[in-house]
Amino acid sequence: MSLFIGVDLGTSAVKLLLVDETGKILNSVTKDYPLYFPQPGWSEQNPADWWKAVQHGILQLTEHTDKSLIRGIGVGGQMHGLVALDEKDAVIRPAILWNDGRTAEETDWLNTVIGKEKLSALTGNIAFAGFTAPKLLWMQKHEPENFKRIAKIMLPKDYINYRLTGVHACDYSDASGMLLLDVEHKCWSKEMLEICSLSESQMPRLFESYEVIGRIQGFVSGALGLPRDCLVVAGAGDNAAAAVGTGVVGEGGCNISLGTSGTLFISSQRFGVDPYNALHAFAHADGGWHLMGCMLSAASCNKWLCEEILKTTDYAGEQVDITPDELGRNRVFFLPYLMGERSPINDTDARACFLGMSMDSSRSDLVQAVLEGVAFAIRDSLEVAKTLGVTPERSKLCGGGARSPLWRRILANVLDLPLDIPQTEEGPGYGGAMLAMVGCGAYATVRDCAEALVRVTDTVEPEPELAARYEEQYRKFRLIYPALKMLFPKLK
């Protein structure tokens, strides 16, 4: 029997899974770490906090396990975050995260001066505020001394892999979100590096997600009690790892993730870009590519409403009063742009708001509006995919928000798609473990591993009458952002 560790390096916590080669989860551990907001719209973390949490997590995860059976580790992690190391591999400054909004000027400069067409030709994508390249330009302008010290640029999960192995590595799926990778040809874009005043020597070596980057270092083996021959694979960005964990590989697979952020993920064997770059064109962890729409605030919208506004953590209790006859008939709408928005509007100035409230609007109307608003925003990305002729017939569904039966039902009917619920809803961590299995030779390919391990336990079918009501509601939702777009910059 061989065992594998899957790691999900999230925004608020790291979750670790111990999985055997049959896909059975033997243990799981979650370790929190701080998130810092030094200024409005900024979002940072200390990479040392990630590494400390991973170490403590592995020790707890394997405490009652025959550690000699552990063969490999795979990490899925939050994308786009800038981790800058100096010549001694020390962290230069706190990591600037994916949901950080400080780079509006740099993003605008890339899209207008360098030009969206050129960016798309070089990388397959245009600039978004969360991407890594605008962060580097911001650092060059506002922290020039720190910028000059950069010897290596890494992404969050790659820093963990570095601490495990001593190797500076990055996989193609995560690198796709830096705006520094030629995604179609899977190599660093020399022109983009020049635009950002970087050299290829400052970039990590590129791997497929399932490829082994090295063995764990001796002192790490001693500290964590892991076998010296334990292998570490390159891993993947969280969305690609989650897609692997839900079996979305090969041509035409679809996964929707309702986590802190929300994503629509469509896998493909071919590279493709939508003409407006409203969706991301990224490499996939299975060796192919994918289209992805990413909204910055998804389940976090519900968390914000419940915890910050309603002062409760009883999420399920807040949904009890939303009866079936009220679905598709809510007069309150919610724009879910708490952190600005990426796909498909790419607007850092956009903000969340409730619209349509009256004296008879209730607490549950607001909760329902949030659940529906997130679903409508995910559909925005699906509509873009349809313009490319990409029309999924069904989708997998994962993430913390997917645990809500009500939210599942709303989403299935807003999208008018059957939603398959995987037996294992661990997403990136489970995908990381699966990638480790492939790297260690337990399975020949990512597809083989997915076909062997991923099982669907439930399907939420759309209901024709309810889907028709939500079609009308979605048409109303589509009117709100265009009407407010010019107002948002004036609210700063």
Side-chain angles (χ1 to χ4, degrees), residues 256 258 262-264 276 278-279 293-302 304-305 309 318-319 321-347 349-387 391-392 395 397 401 404 406-417 419 460-491:
I256 293 166
L258 278 180
T263 57
L264 173 77
Y276 302 103
L279 301 182
C294 178
M295 56 183 299
L296 296 179
S297 303
S300 54
C301 290
N302 193 41
W304 163 80
L305 177 66
I309 307 303
E318 291 299 324
Q319 297 175 20
D321 291 337
I322 303 173
T323 57
D325 63 293
E326 294 173 321
L327 298 182
R329 294 190 172 97
N330 196 3
R331 288 176 293 171
V332 180
F333 289 83
F334 176 73
L335 281 188
Y337 306 149
L338 289 169
M339 298 286 293
E341 189 55 294
R342 269 170 53 179
S343 306
I345 63 173
N346 191 19
D347 187 349
D349 292 327
R351 286 295 177 265
C353 61
F354 287 100
L355 192 72
M357 291 184 290
S358 59
M359 286 296 289
D360 61 348
S361 296
S362 67
R363 179 179 180 127
S364 61
D365 288 337
L366 301 185
V367 175
Q368 182 178 340
V370 166
L371 304 184
E372 292 171 339
V374 171
F376 291 145
I378 289 175
R379 177 162 170 185
D380 280 344
S381 288
L382 179 61
E383 292 301 311
V384 175
K386 288 179 179 178
T387 66
T391 308
S395 178
L397 179 64
S404 164
L406 175 63
W407 213 346
R408 294 178 184 181
R409 186 180 182 190
I410 289 171
L411 192 60
N413 284 282
V414 167
L415 302 179
D416 198 15
L417 283 178
L419 299 180
V460 183
E461 297 281 355
E463 306 150 56
E465 184 179 339
L466 181 54
R469 292 207 300 268
Y470 270 123
E471 181 67 30
E472 291 186 23
Q473 293 289 89
Y474 176 64
R475 293 181 186 279
K476 296 174 185 176
F477 175 86
R478 289 287 299 268
L479 300 173
I480 299 172
Y481 169 72
L484 298 178
K485 180 179 179 179
M486 300 306 294
L487 176 62
F488 288 128
K490 298 176 183 179
L491 299 180

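This structure is a prediction, so every number in the text was calculated from the model and none was measured.
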With sequence neighbours left out, what residues match R329 under salt bridge (Lys or Arg N to Asp or Glu O under 4.0 Å)?
none
Atom of M295, atom of V374 and distance for their closest heavy-atom approach
SD-O, 3.8 Å
What heavy-atom pair brings L327 and L466 nearest, and what distance separates the two atoms?
O-CD1, 3.6 Å
Taking all non-hydrogen atoms of both residues into account, name the closest pair between A350 and I345 and its distance.
CB-CD1, 4.2 Å
Working to the nearest 0.5 angstrom, can you tell me the gap between F488 CZ and L491 CG?
7.0 Å
For K476, salt bridge (Lys or Arg N to Asp or Glu O under 4.0 Å) partners two or more places apart
none
Excluding sequence neighbours, so at least two apart, what forms side-chain hydrogen bond (donor to acceptor under 3.5 Å, both in side chains) with K485?
none
Heavy atoms of L338 and A352 approach each other most closely as CD2-CB, 3.5 Å
In chain order, what residues pass the side-chain hydrogen bond (donor to acceptor under 3.5 Å, both in side chains) check against N346, with sequence neighbours excluded?
none
Residues forming a ring pair (Phe, Tyr, Trp, His ring centres under 6.0 Å) with F477, sequence neighbours excluded
F376
Among all residues two or more places apart in sequence or in another chain, which pass the ring pair (Phe, Tyr, Trp, His ring centres under 6.0 Å) test with Y481?
Y337
Separation of E383 CD from L279 CG (nearest 0.5 Å)
11.0 Å
Quick one: does any side-chain atom of D347 pair with a main-chain N or O of E341 as donor and acceptor, under 3.5 Å?
no
Hey, are the side chains of E463 and N413 touching, using non-hydrogen atoms and a 4.5 Å cut-off?
yes
I need the L371 CG to S404 OG distance, nearest 0.5 Å.
6.0 Å
R469: partners by salt bridge (Lys or Arg N to Asp or Glu O under 4.0 Å), with sequence neighbours left out:
E465
Rounded distance [0.5 Å steps], OG in S297 versus CG in L335:
12.0 Å
Looking only at heavy atoms, the pair that brings C353 and L484 closest together is SG-CD1, 3.7 Å
Tell me, please, which residues at least two apart from E472 pass salt bridge (Lys or Arg N to Asp or Glu O under 4.0 Å).
none
How about L417 and L382: do any of their side-chain heavy atoms sit closer than 4.5 Å?
yes
Going by the rule side-chain hydrogen bond (donor to acceptor under 3.5 Å, both in side chains), which residues pair with S358 if we only count those two or more places apart in sequence or in a different chain?
D360
Got a sec, which residues hit side-chain hydrogen bond (donor to acceptor under 3.5 Å, both in side chains) with T387, two or more places apart in sequence or on another chain?
none
Between the CG atom in N330 and the OG atom in S362, the distance rounded to the nearest 0.5 Å is 8.0 Å
Tell me, do V370 and E318 make a side-chain contact under 4.5 Å, heavy atoms counted?
no
Who are the side-chain contact (heavy atoms from CB on, under 4.5 Å) partners of P344, not counting sequence neighbours?
A278, D380, S381, V384
Using a 3.5 Å distance criterion without hydrogens, assess whether the side chain of R408 forms a donor-acceptor pair with backbone atoms of L419.
no
In the structure I gave you, are the side-chain heavy atoms of L258 and I378 within less than 4.5 Å of one another anywhere?
yes
Under 4.5 Å between any side-chain heavy atoms of I309 and L366, yes or no?
no
Starting from the C-alpha separation in whole Å, work towards a yes-or-no answer on side chain to side chain contact (heavy atoms under 4.5 Å, CB included) for F333 and E372.
CA-CA 8 Å; F333 289 83; E372 292 171 339; over 6 Å; no
With sequence neighbours left out, write down each residue that passes ring pair (Phe, Tyr, Trp, His ring centres under 6.0 Å) with F334, or none if nothing qualifies.
F354
For side chain to side chain contact (heavy atoms under 4.5 Å, CB included), just list the numbers for I410 and Y470, CA-CA rounded to whole Å, side-chain angles, deciding distance to a tenth of an Å, and then say yes or no.
CA-CA 9 Å; I410 289 171; Y470 270 123; 3.6 Å; yes
Atom pair CZ/CE of R351 and M339 - distance to nearest 0.5 Å:
8.0 Å
For E326 and Q368 the tightest heavy-atom approach is O-NE2, 3.0 Å
Side chains of D416 and Y474: does their closest heavy-atom pair fall under 4.5 Å?
no
